[in-house]
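A quick write-up on the structure given underneath.
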Amino acid sequence: MEGTEKPKGSEPHHQKRHSRSGSISRSLSRASWRMEEVFATATHSRRSSQADEDEEALTWAAIEKLPTYDRLRTSIIKSLGETEHQGVHKQVDVLQLDMDDRQNFIQRVFKVAEEDNETFLKKFRSRLDKVGIKLPTVEVRYEHLTIEADCHVGTRALPTLPNVARNIAESALGLIGIKLTKQTKLTILKDVSGIIKPSRMALLLGPPSSGKTSILLALAGKLDSSLKVKGEITYNGHRLNEFVPRKTSAYISQNDLHVGNMTVKETLDFSARCQGVGTRYELLTELARREKAAGIYPEPEVDLFMKATAMGGLESSLITDYTLKILGLDICKDTIVGDEMQRGISGGQKKRVTTGEMIVGPTKTLFMDEISTGLDSSTTFQIVKCLQQIVHITEATILMSLLQPAPETFDLFDDIILLSEGQIVYQGPREQILEFFETCGFRCPERKGTADFLQEVTSRKDQEQYWADRRTPYRYVSVTEFANRFKRFHVGTRIADELSIPFDKAQSHKAALVFKTYSMPKMQLLKACFDKEWLLMQRNSFIYIFKTVQIIIGAIITATVFLRTEMDARNENDGALYVGALIYCLIINMFNGFAELSLTIARLPVFYKHRELLFHPAWTFTVPSVLLGIPISIIESTVFIGITYYTIGFAPEASRFFKQLLLIFLMQQMASALFRLIAGVSRTMIISNTGGTLSLLILFLLGGFIIPRGEIPNWWTWAYWISPLTYGFNAISVNEMYAPRWMNKLALDNVTSVGEAVLNNFDVYHNKNWFWIGSGALLGFIVLFNSLYTVSLMYLSPPGKPQAIISEDAANEMELDQEESKEEPRLRRPPSKNVSLPRSLSSTDGNNTREMEVRRMSSRSSSSGLDRNADSSLEVSGGVAPKRGMVLPFTPLAMSFDSVNYFVDMPAVIFLFLAAAIVMRTVRNTVDTGRTVVCTIHQPSIDIFEAFDELLLMKRGGQVVYLGPLGRNSHKIVEYFEAVPGVPKIKEKYNPATWMLEASSTSIEVRLGMDFAQYYKSSALYQRNKALVNELSTPPAGANDLYFPTQFSQPSWKQFQSCLWKQWWTYWRSPDYNLVRFFFTLAAALLVGSIFWDVGSKMCVLISKLHYFKLQLVLILLTIKVFVQEFPYTNFLLIIYFSLSRESSSDLTMVIGAMYAAVFFVGFDNCTTVQPVVAIERTVFYRERAAGMYSALPYALAQVIIEIPYVFIQTTYYTLIVYAMVSFQWEAGKFFWFFFINFFSFLYFTYYGMMTVSITPNHQVAAIFAAAFYSVFNLFSGFFIPRPKIPGWWIWYYWICPVAWTVYGLIVTQYGDIEETIKAPGYTPDPTVKWYLKDRYGFESDFKGPVAGVLVGFGVFFAFMFAFCIRKLNFQVR
């Protein structure tokens, strides 16, 4: 194949020919392998027979004459004719197949997925066998594998605020080698060994917490690094560090993580593009060469499929359509996946999408973790059947764990691995597993699924019922004893013998293992990610439109507040107003980037999954988001500058217009990059909101416009130089103030220009080049932040790593089992200082031990059967009197309802058989009290299915297929369907629930040419049901309509108590919210205190000292005037007098800035951090309100009230720290006013965040909506532009701006009563501080009462709006 060009996207190797003789040495470079050799084996097949049709033969002859490159991408497709066997064979380029061609091919070849898939795969294998090509296979071995984890037990495991704080402290001390406490050790897997063989379907079974997920992750090479792992895992004799296990195999998680806005097909297409085609192209190349040499013409369907699936780099491939078909996803391929707030596909379909994501790639070694959750047994059987065909025919390797496989699904597997308590009880052929347990004395009963039996026979609570030999007394057989007996069983000895012989690496197929990290060229992965990002931007267009509208509104507000008709350019004061407008322009564009936090956080979980699967490198994810954000930023900055620049009246030169446009654009890009970085480092919404707010606080305080550069304490000077706002503020100020209209006018000193004087007042450098310095610095920050964002995505782990958690009861039971069996303990607790007696003699533990024994005895006495009154004895023994009602196991609340109908949606969908049986037993008892219960359920076992009295079976489209009784042993439903001509009879021990779905499936309808819904409508059963409905529709004489005096079962006060109790525990166990905001408040308090250290006392002392010094100066000047007519230093003394006065006014301004910034940013953090919490709680509220548990008002009131104690604690230590460090006057009245104003300010900010969530569809939009008002709150707070300077048409907004009232209250309560004079520029004679605040800022000292009332009113108003909107608005589109 040398010298031929390869198709785009494929990765053929161009290497020199090597000899095929001899074995491949370990030192041989994989890069030197020829792919022709990879698939080379024995002799060629005989020449196949000629094609039946001349037309097809002529087409093949034409294809054979094509060059190799064209021949490998050209095949034959059969166009549709009037009948199935009619049609025209035409030549087609597989790269040019459109959607219709692919759909027609799939529909023609795979009409019935499980049947036609097997036929097709056999044709595929036959084609390879004809020319002697051997497929690569992978054998996975694990020997003496042991996994240990640190865990928490009981209440120590709960994520309460003290526990998490303690964990953080212990982790921090652990980094420096200090360990205060020893953690409990849990052995997850204990010395397990075995083999996963190719061409054999392996099923992994085990009860919960047996280690199933851990062994799957270990075999896939994806175990968490915090776990202690011993033992060895090999693929074809190669250790995991000798190749890339995460590309050689694939772990299919039980968690469904997908982008909600992408359709099913788009999700699989992206996965296929990232995983590539593996060695399919090389296989096709060798296959075509051998077939041409042998003169063999392949079957058109097989050839088209192989060629179409061997071409990489396609946006949509035939392999995606094939995967959709065999997984049954073709019916929803164009439906978005959806999430908790928007309707998408069902949970079972999501599970299939998770599976399809991996099997759409070239990987044939799969570790599948509970892929059947949410699927009915028929669909599970179909999927497993297709996977079995792939395994048997293509020699793939699959290990799959299932929760409760039906008997027919269980029979599809060749090997079974039974895991319990971290030990392998059995591994080997399915046919011999019951034999093993019979040798141990246990037998599976009739009409009992083998899988259910296997998961219960190792349980202490359920083992006794399977004891076979009733002549001998039952004795509990522990898991360790089972494991030891298996090692002596003939299957176990055979596996040990196989493991004793190492795998010969020379026998390993060269294409079996993957040695490259990524399957596709980096540029193709970048293109795939670019296309995905563009698609998501289109799907999220509302957010980007909303942002643009927000910036337009902000620009209009800015332009009308700083309207040029109200702006002059005469002196320094006018220049200061223009600088204030420039500062606000920077602020509003800085806040505009805050939306990147929520958008990025929402995308991270799926990215982390793709990163673990090695779909693409991190930079291919970050580059598209950065580049595609540039056009949007250009539009937003252009619109903003276009509206504000000439409307405000900035320097009229065109060059300065474009320079300011450049600065605003760079500021937006810098802000977006900064918030992306914060999101990438924080990785959760709450922490990133806090990190973003803390960053903004530092940038604002140390940006040079709140505190002049010369006033920043020495220990914070470094922060001034690393703040991007420093460079933006200096650059935009220099650009404006060096305009001719400012530089050609003299300042009040008649020496410097107005522009330079304004720059002096704001402590900005006098250098025109600062525009380019600032622009270059902003560009550097953009590159730096985006680079650090990429690095964070490369190396930081996803948040919320699972911590092993064990309940106290479970831990006690494990320890008791260990004591009885004298085995090596699986759970090892650190020695307790309080234990002085052996555990068995401890008086403090006796009750708990007896309780465990009582629990075991009661569990044994009631078997897992679903007898009608099986649990009546448990109710009495548990202290609950039998009643005509259903008691739900909620502590400490119990709800009991009489005469209520229950509609239960899949109550056992995620349970094992035992847990599902317990739930269904409760439901059965509820029915026996005389109430009506309707359940939907997936994958019911025989026992669970036959616990029901009647069945309503429906087909897609909402049509009824059967409505009637089940009968004993389901004989009614069986007789009904077996009466249909052509329906296969049910097999012995077959699950009737599965058989029923298969017998009424679409494929059976197509084969029989009938509609089961119509068959039901024509049946006598339908007529009886219809007559019964008509009879019951007419109430009997004297009957009363159902009447309930209230909509809810409990009064509003009880609902409120229940909701408040729930919220209390939710908040107490939400450390990522409360602990994070407490930390931020502490950091903000220390930050403000250290920056404004002792400013309050300096202000007070300075006022009194200046008053004394100025009095002395006045006396000196008067003396000079009276006694000395001419004194050369009089002017010098006047300069000293005025300079001292100016210092005092600037300190007052700085104190106002400190109060404003501190309160605003802590409140801002409260607002942003509460949004995701309320958004999550709202989804729960929607579900519980729909269930009729409570109304909206008690829920909202509980949500509002639960915030008060946390905000109170937050305000207490914040007030103490700030008040002490800033050194305000230590007067009780002033301190408590400071506390009161801060408390209600933090509270109304929190309620404002809750309100924004209640009026928006999700917390991403809520964050954007809230950010729009943050900038407006800034503008009208009274700090950047005092109230007397606000234009009359905007003064109304000042009075409804909550931050303005906060600043008003803080200043008036601290300085509104000071009667000492202060000298401020433009004021003659010297005003008092009280009068200066009134004249400059409009603050009335006797306005404290109204301020307090308004602050309380804002809190009440936002809380009321939250309750009102949560009641009236419903954004859950489901």
Side-chain angles (χ1 to χ4, degrees), residues 8-9 11 257 259 261-262 266-267 269-276 312-315 516-541 543-544 547 592-637 665-683 688 724 776 778-798 1260:
K8 179 182 178 182
E11 299 177 88
L257 285 176
V259 180
N261 287 330
M262 292 178 69
E266 289 164 350
T267 302
D269 278 333
F270 178 76
S271 176
R273 292 179 71 179
C274 292
Q275 294 186 74
L314 299 177
E315 292 185 8
K516 295 191 302 181
T517 304
Y518 298 105
S519 305
M520 299 294 289
K522 299 295 195 305
M523 294 311 297
Q524 289 197 24
L525 294 176
L526 176 62
K527 185 178 184 302
C529 292
F530 202 99
D531 292 342
K532 177 184 175 184
E533 188 69 27
W534 173 242
L535 174 68
L536 292 176
M537 286 185 67
Q538 292 175 305
R539 298 277 163 82
N540 293 324
S541 57
I543 293 178
Y544 296 100
K547 278 184 60 185
N592 189 56
F594 206 86
E596 287 292 332
L597 277 179
S598 56
L599 292 174
T600 303
I601 290 293
R603 300 279 304 281
L604 285 183
V606 176
F607 164 77
Y608 285 128
K609 183 182 80 169
H610 290 168
R611 187 188 70 176
E612 291 298 312
L613 295 172
L614 299 179
F615 273 18
H616 53 78
W619 65 267
T620 61
F621 174 80
T622 58
V623 168
S625 61
V626 172
L627 294 181
L628 288 174
I630 291 176
I632 297 175
S633 186
I634 291 175
I635 294 172
E636 291 178 349
S637 54
F665 167 75
L666 292 174
M667 182 60 64
Q668 284 196 4
Q669 286 293 298
M670 183 278 301
S672 297
L674 173 63
F675 291 121
R676 282 194 210 103
L677 171 61
I678 292 170
V681 172
S682 303
R683 292 160 290 164
S688 64
L778 288 176
L779 182 62
F781 278 117
I782 294 170
V783 175
L784 175 65
F785 291 155
N786 282 317
S787 300
L788 292 176
Y789 170 52
T790 304
V791 172
S792 70
L793 295 186
M794 290 171 62
Y795 296 107
L796 293 182
S797 301
Q1260 287 93 349

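- With sequence neighbours excluded, no residue forms a side-chain hydrogen bond (donor to acceptor under 3.5 Å, both in side chains) with Lys532.
- By the side-chain contact (heavy atoms from CB on, under 4.5 Å) test, Ile630 pairs with Leu627, Ile634, Phe665, Gln669, sequence neighbours left out.
- Smallest separation of non-hydrogen atoms from Thr622 and Leu793: CG2-CD1, 3.5 Å.
- With sequence neighbours excluded, the residues satisfying side-chain hydrogen bond (donor to acceptor under 3.5 Å, both in side chains) with Asn540 are Asn261.
- A salt bridge does not link Asp269 with Arg273: every distance from a Lys NZ or Arg NE/NH1/NH2 to an Asp or Glu carboxylate oxygen is 4.0 Å or more.
- For Leu535, the side-chain contact (heavy atoms from CB on, under 4.5 Å) test picks out Met262, Glu266, Gln538, Arg539, with sequence neighbours left out.
- Judged as a salt bridge (charged side-chain N to carboxylate O under 4.0 Å, His left out), not a single pair has a partner in residues 787-797 (not counting sequence neighbours).
- Under the 3.5 Å distance criterion, the side-chain polar atoms of Ser271 are left unmatched by any main-chain donor or acceptor of Thr267.
- Of all heavy-atom pairs spanning Ala679 and Ser688, the tightest one is CA-CB, 4.1 Å.
- Listed by first then second residue, pairs satisfying salt bridge (charged side-chain N to carboxylate O under 4.0 Å, His left out) with a partner in residues 593-606 read Glu533-Arg603, Glu596-Arg676, not counting sequence neighbours.
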Under 3.5 Å, side-chain donor or acceptor atoms of residues 613-621 against the rest of the protein: list the pairs with distances, not counting sequence neighbours.
residue, atom, partner, partner atom, Å
His616, ND1, Thr620, OG1, 3.3
Thr620, OG1, Pro617, O, 2.6

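- In this view, Tyr789 satisfies the ring pair (Phe, Tyr, Trp, His ring centres under 6.0 Å) rule with no residue, not counting sequence neighbours.
- Under the salt bridge (charged side-chain N to carboxylate O under 4.0 Å, His left out) criterion, Lys609 pairs with Glu357, sequence neighbours left out.
- With sequence neighbours excluded, no residue forms a side-chain hydrogen bond (donor to acceptor under 3.5 Å, both in side chains) with Ser625.
- Val791 pairs by the side-chain contact (heavy atoms from CB on, under 4.5 Å) definition with Tyr795, not counting sequence neighbours.
- Counting all heavy atoms, side chain and backbone alike, Gln668 lies closest to Ser637 at NE2-N, 3.9 Å.
- Looking at residues two or more places apart in sequence or on another chain, you find no side-chain hydrogen bond (donor to acceptor under 3.5 Å, both in side chains) involving Ser792.
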